[in-house]
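First the structure, in the form of structure tokens, and then the observations on it.
We use all heavy atoms of the structure for the numbers below, so side chains are in, but hydrogens, waters and symmetry mates are not.
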Amino acid sequence: MELRPVPAWGTIPRMLRDQATGHGDSEAVVAGAVRLTVAELARRAGEAARGLIALGVSPGDRVAIWAPNTPEWVISAYGLWDAGAVVAPLSTRFKGIEAGRLLRRVGAKVLLVAEGFMDASFLGMLAEACGEPEAGRPFGGLPELRHVITFGRSPSPAAQRPGVLSWAEFLAHGEAVPAEDAERRALAVREDDLAEIMATSGTTGEPKGVMLPHAQLLRGYWDWAEIVTLREEDRYPIIAPFSHGFGINAGLLACVLKRATMIPVAVFAPDELMDLIEQDRISVLAGPPTLFHRILDELATAGRDVSSLRVAICGAAAVPPELIRRLLDRVGLERMINAYGLMEGTVVSMTRAEDPVEVIAGSTGRAVPGVSLRIVGDDGRDLPRGERGEILVGGYGVMSGYWEDPERTAEAVDGDGWLHTGDIGVLDEHGNLAVVDRKKEMFIVGGFNAYPAEIEALLLHHPDVAQAAVIGVADERLGEVGWAYVAPRPGAAPDPGGIIAWARENMSNYKVPRRVIVVDSLPANVNGKIDKPALRARAAAAR
């Protein structure tokens, strides 16, 4: 399959304008009663850009979005890009400590937040973590944050502080900015300007910000959409959060690139999946294998109409071959795609439509055009095909680096531009990549990457915990879960149940340890570091 080259847009604002001019009537966003054409999206993004300029947002400023997948998120993102700002998403799973750390890390000037989502006060959580207003700014512990814009219609008590505006007030501020000034700002964005800073915690316990510029994202997700065959008549629910690289780039961005209709899913309820497919005539669906197993189960018991489904995208390292065969035969899919990517490397490898089932099931396909793959041993030398080693990624998809962190950037990307992923893989004779293990300590809880060092750092905020060590333990339902070994502060008597309850209040749910074990001290190796292998052996004996 020959891919068409990405049009010479260079930047996301120019892409949006080109699509709105030539294909303005194409349906861009559908969410309940909300229907936005590409032209309407472009107009409303321009209004949002004027609001940001009125608040003093300059090109290159970081603006955070803390909200579920909604039309407001889409409008805000394109408005930020029009204003020359950098999108810095926050997960709705974050609690106050987590959100505050990331806002400080990127120096966000403005925060857009869905206050009241799922009856939660995001601003209330942030107030607990970051303190009272100071010098006319919303949170004393966030000195760079000047304004908060709420999507929610019912402001919480925490929203009654300086610098907090409703969405309507925000847009009203923008009316003072001439539309032609905002247009000049949008057209002044350059292709190597940053478009996104995506959060990834890694193994250090501190949030890192992956820097991704406009032209890199346009090419990466144009090629992704070409291989997927995303097209104008497609209807594509975006289940992955917009705060995740897949949701924002393979969803929010790719849909406008290809004029497909995006259906933002704010809260995904698996039981409603079949209704979504039938009622909205879904043609492209992305998710883990469990999502597609559910479809087949429903077909077997209820005989639902899924004839609109055309393409399935499964971003897992391995997909059962029988699942693929049943989807192709029973559902009538044109193609099923498996892929591998990571925040620091954008889109790395993808299977192709012509690949046999065994390749789609057992690999993540071949490198996408412009991307190179190497498998190296511990000595850094290339290994023969068929041997396991660390996956190195080269080419245009490699990040610009970590935000204001040259030391960790140099650790991740070597002098020749190769990204050291920390993942272990194998290349077959045809160049298909199988991801088989993880070099880092990360474990995966129900599809979410959990990093022990980050969870350990969060646990140290508990008043009774002096030391913490977290390991991943196999779990039948979620794949892996975290177990935490904690040593108490002097005079404290930590209660395991109390620590877990505290963690639920202060961490995303997938980070919350499923078991806490209180120990007098943590085992150490000869270098004085915590002996994680000893803890894993202890956990295995305790199961």
Checklist entry - Ignoring hydrogens and geometry, is there a side-chain-to-backbone donor-acceptor pair from Arg105 to Trp403 under 3.5 Å? => result yes
Checklist entry - Given Val371 and Asp223, is the side chain to side chain contact (heavy atoms under 4.5 Å, CB included) satisfied, shown in steps? => result CA-CA 11 Å; Val371 171; Asp223 284 354; over 6 Å; no
Checklist entry - What do the steps show when you test Leu126 against Leu142 for side chain to side chain contact (heavy atoms under 4.5 Å, CB included), and what is the final call? => result CA-CA 10 Å; Leu126 201 57; Leu142 297 171; 4.1 Å; yes
Next on the checklist: Nearest 0.5 Å, please: how far is CZ in Arg281 from OG1 in Thr261?
Outcome noted: 14.0 Å
Checklist entry - So how far is it from Ile263 CD1 to Leu276 CG, rounded to the nearest 0.5 Å? => result 6.0 Å
Checklist entry - Which residue pairs pass the salt bridge (charged side-chain N to carboxylate O under 4.0 Å, His left out) test when at least one of the two sits in residues 29-40, sequence neighbours left out? => result Glu27-Arg35, Glu40-Arg43
Next on the checklist: Show every ring-ring contact (aromatic ring centres under 6.0 Å, His included) that has at least one partner inside residues 225-271, sequence neighbours left out.
Outcome noted: Trp73-Phe242, Trp224-Phe246
Next on the checklist: What I'd like to find out is whether the side chain of Pro138 reaches to under 4.5 Å of the side chain of Pro133, using heavy atoms alone.
Outcome noted: no
Item to check | Rounded distance (nearest 0.5 Å) linking atom CH2 of Trp222 with atom CE of Met15 | outcome: 10.0 Å
Next on the checklist: Can you pull out every side chain to side chain donor-acceptor pair (under 3.5 Å) where at least one residue sits in residues 53-69? Sequence neighbours excluded, please.
Outcome noted: Asp61-Lys109
Item to check | Nearest non-hydrogen partners of Gly220 and Val347, listed with the distance | outcome: O-CG2, 3.8 Å
Checklist entry - Given the rule in the side chain to side chain contact (heavy atoms under 4.5 Å, CB included) test, do Val284 and Arg235 qualify, once you have shown the distances and angles that lead to the verdict? => result CA-CA 6 Å; Val284 176; Arg235 301 178 73 79; over 6 Å; no
Next on the checklist: Just verifying a value: how many Å separate Leu194 CG and Ser400 OG, rounded to the nearest 0.5 Å?
Outcome noted: 6.0 Å
Next on the checklist: Can you give me the closest heavy-atom contact between Arg259 and Gln19, atom names plus distance?
Outcome noted: NH1-OE1, 3.2 Å
Next on the checklist: Looking at Thr229, is its backbone amide N or carbonyl O close enough to the side chain of Arg310 to form a donor-acceptor pair, meaning the two atoms are under 3.5 Å apart?
Outcome noted: yes
Next on the checklist: Restricting to ring-ring contact (aromatic ring centres under 6.0 Å, His included), what partner residues turn up for Tyr396, sequence neighbours left out?
Outcome noted: none
Next on the checklist: Hydrogens and angles aside, do Arg93 and Asn509 bring a side-chain donor and acceptor to less than 3.5 Å of each other?
Outcome noted: yes
Next on the checklist: Has His214 got a side-chain atom pairing as donor or acceptor with Ile12's backbone, closer than 3.5 angstrom?
Outcome noted: yes
Item to check | Glu505 atom CD, over 12 foreign heavy atoms within 6.0 Å | outcome: no
Checklist entry - Do Ile313 and Val228 come close enough that some side-chain heavy atom pair is under 4.5 Å? => result yes
Checklist entry - Got Ile277 and Ile295 here, is their nearest side-chain heavy-atom distance under 4.5 Å? => result yes
Next on the checklist: Treating Glu344 as the side-chain partner and Met399 as the backbone partner, does any N or O pair qualify as donor plus acceptor under 3.5 Å?
Outcome noted: no
Checklist entry - Distance from Leu145 atom CG to Cys130 atom SG, nearest 0.5 Å? => result 9.0 Å
Checklist entry - Which pair of non-hydrogen atoms, one from Gln216 and one from Thr346, has the smallest distance, and what is that distance? => result NE2-OG1, 3.8 Å
Checklist entry - How long is the gap from OG1 on Thr200 to CG on Leu342, to the nearest 0.5 Å? => result 8.5 Å
Checklist entry - Are there more than 12 heavy atoms of other residues, nucleotides or ligands under 6.0 Å from atom NE2 of His23? => result yes
Checklist entry - Sequence neighbours excluded, which residues qualify as side-chain hydrogen bond (donor to acceptor under 3.5 Å, both in side chains) partners of Ser283? => result Asp234
Checklist entry - After noting the C-alpha distance and the side-chain angles of Trp9 and Leu257, does the key distance pass the side chain to side chain contact (heavy atoms under 4.5 Å, CB included) rule? => result CA-CA 10 Å; Trp9 293 311; Leu257 283 174; 3.5 Å; yes
Checklist entry - Trp167: what forms a ring-ring contact (aromatic ring centres under 6.0 Å, His included) with it, not counting sequence neighbours? => result Phe151, Phe170
Checklist entry - Donor-acceptor pair, Arg137 side chain versus Arg146 backbone, under 3.5 Å? => result no
Item to check | Heavy-atom pair with the smallest gap, counting every atom of Leu123 and Glu115 | outcome: N-OE1, 3.0 Å
Item to check | Shortest non-hydrogen separation from Pro264 to Ala31 and the atoms involved | outcome: CD-CB, 4.3 Å
Checklist entry - Is it true that a side-chain atom of Ser308 and a backbone atom of Ile282 form a donor plus acceptor pair closer than 3.5 Å? => result yes
Item to check | Side-chain heavy atoms of Leu90 within contact of Phe122, under 4.5 Å | outcome: no
Checklist entry - Does Ala67 offer a backbone N or O that forms a donor-acceptor pair with the side chain of Thr92 under 3.5 Å? => result no
Checklist entry - Who are the side chain to side chain contact (heavy atoms under 4.5 Å, CB included) partners of His462, not counting sequence neighbours? => result Asp464, Val465, Ile499, Trp502
Next on the checklist: Could you work out, with ring-ring contact (aromatic ring centres under 6.0 Å, His included) as the rule, every residue matching Tyr78, not counting sequence neighbours?
Outcome noted: Trp81
Next on the checklist: Going by side-chain hydrogen bond (donor to acceptor under 3.5 Å, both in side chains), name the residues that satisfy it together with Asp181, two or more places apart in sequence or in a different chain.
Outcome noted: Arg184
Next on the checklist: Run the ring-ring contact (aromatic ring centres under 6.0 Å, His included) test against Phe94 and tell me which residues pass, sequence neighbours left out.
Outcome noted: none
Next on the checklist: Counting C-beta onward and ignoring hydrogens, is there a side-chain heavy-atom pair between Arg514 and Asp475 closer than 4.5 Å?
Outcome noted: no
Item to check | Non-hydrogen side-chain atoms of Arg304 and Met274 separated by less than 4.5 Å | outcome: yes
Checklist entry - Can you find a heavy atom in the side chain of Ser508 that is under 4.5 Å from one in the side chain of Glu98? => result yes
Checklist entry - What pairs meet the salt bridge (charged side-chain N to carboxylate O under 4.0 Å, His left out) rule with one or both residues in residues 188-199, with sequence neighbours excluded? => result Arg190-Asp193
Next on the checklist: Show every salt bridge (charged side-chain N to carboxylate O under 4.0 Å, His left out) that has at least one partner inside residues 9-18, sequence neighbours left out.
Outcome noted: Arg17-Asp82, Arg17-Glu183
Next on the checklist: Is it true that, when you exclude Glu169 itself, more than 12 heavy atoms of the residues, nucleotides or ligands shown sit nearer than 6.0 Å to its CD?
Outcome noted: yes
Next on the checklist: Regarding Glu454 and Lys511, does a basic nitrogen lie under 4.0 Å from an acidic carboxylate oxygen?
Outcome noted: yes
Next on the checklist: To check you understand the geometry: which heavy-atom pair defines the closest contact between Tyr510 and Asn449, and what is its length?
Outcome noted: CE1-O, 3.3 Å
Checklist entry - Are side-chain heavy atoms of Ile500 and Val512 found at a separation under 4.5 Å? => result yes
